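When a ligand or atom number is given, it counts from 1 through the structure's own listing order. What's counted below: heavy atoms across the whole structure, side chains too, no hydrogens, waters or symmetry copies. Model, not experiment: these values are computed from the prediction. Along the sequence shown, residues carry numbers from 1.
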Amino acid sequence: MTTTPRILMCPPDYYGIEYEINPWMSTEVGTDPVESRRQWQALHDTLVDLGVAVELMEPEPGLPDLVFTANAGLVFGDHFLSSRFRHGVRQGESAHFERWACARGFVVESLPPGHNFEGAGDALFCGPTLFAGYRFRSDARSHHWIGERLGVPVLPLELVDPRFYHLDTCFCPLSETAAIYYPGAFDDYGRSVLTGQIGTLIEVSAEEAVSFSCNAVVVGQTVVLNDGAPKLAKALNDLGYRSRPLRLTEFIKAGGSAKCLTLRLDGEEAASWKRSPELALPKLGATG
Ligand code: ARG
């Protein structure tokens, strides 16, 4: 059974570089609002063209990173585990994401206080397993909590390069058995976990990784990603995927690209739970 892919986006009305919380951001460089809107719209229209039902969140003044909906939380069936942002400047986003998720019928739950967790930016299913990046934004203990809560296996991966501060900047599952990754963002242990667990791993070079090519949106057999990664496009093609490169330079200025600007609501292509809905409705509900 195939269902319509659903993705949450937030228009860039108030997007800009108002603080610096990763090495890509410079308040001195700033962004071009017209070009940002144009690039965001091209991503939106590409997804619609691929058959995605794009849902839109209301943008909010004073929350310039609200466009990066991947960080809202982690979707699992009809549950939404809301993020707990590490940096104070992003913490105000959670109330908006939670209100949205509640209104859309998700069962919203938060991690206990003191846990840092940045949603689908750091937690990506590949098959039954949740691959979880920690150190710069999310904590390993948050991932442990999530694994217990959802009853899924979690493999925490330490991120070692501050430029690749979220897992989705250096790792992108394509299917239950295939993924893209940039080896330089992980330590030896992380690399061995990924190579040991995932049957087909496409390695992205350092030059292509800095153009955010791992930060891709997978819709069926199509991969929407930042342009500037011809080698990756060829490797994807050899695997039977079609790539749709887009220019998302205005968002790279904030440390994000295609994937960060989206939150898949019906389960990523690579998540095996989306194919077994009865398992996706676990014994959650009661908090505590
Ligand atoms: N400026 C944002 C931050 O540093 C960018 C977030 C990018 N999101 C992502 N999922 N990688 O938090």
Inset, instruction - Give a yes/no verdict on whether any heavy atom in K259 is under 4.0 Å from an atom of ligand 1. - result: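 No, K259 has no heavy atoms under 4.0 Å from ligand 1.
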Inset, instruction - Take every heavy atom of Y165, measure it against each atom of ligand 1, and state whether any distance is under 4.0 Å. - result: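 Yes, Y165 has a heavy atom closer than 4.0 Å to ligand 1.
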Quick check on contacts: which atoms of ligand 1 are under 4.0 angstrom from a heavy atom of [X]?
X    : result
N22  : 1 (N), 3 (C), 4 (O)
I21  : 3 (C), 4 (O), 12 (O)
G121 : 10 (N)

Test your reading of the structure: does [X] have an N or O sitting under 3.5 Å from an N or O of ligand 1?
X    : value
H166 : yes
D65  : yes
A254 : yes

Legend entry - Lys/Arg N to Asp/Glu carboxylate O, R38 vs E250, below 4.0 Å: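 Judged by the 4.0 Å cut-off on N to carboxylate O distance, R38 and E250 do not form a salt bridge.
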Legend entry - V67-L47 co-clustered via ILVMFWY side chain contacts under 4.5 Å: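 In one cluster: yes.
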Inset, instruction - May I ask you to check whether F97 and F80 place their ring centers less than 6.0 Å from one another? - result: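 Judged by ring-centre distance (under 6.0 Å), F97 and F80 do not meet the cut-off.
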Legend entry - Residue portion contacting ligand 1 (non-hydrogen atoms closer than 4.0 Å) for H87: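 None of H87 does.
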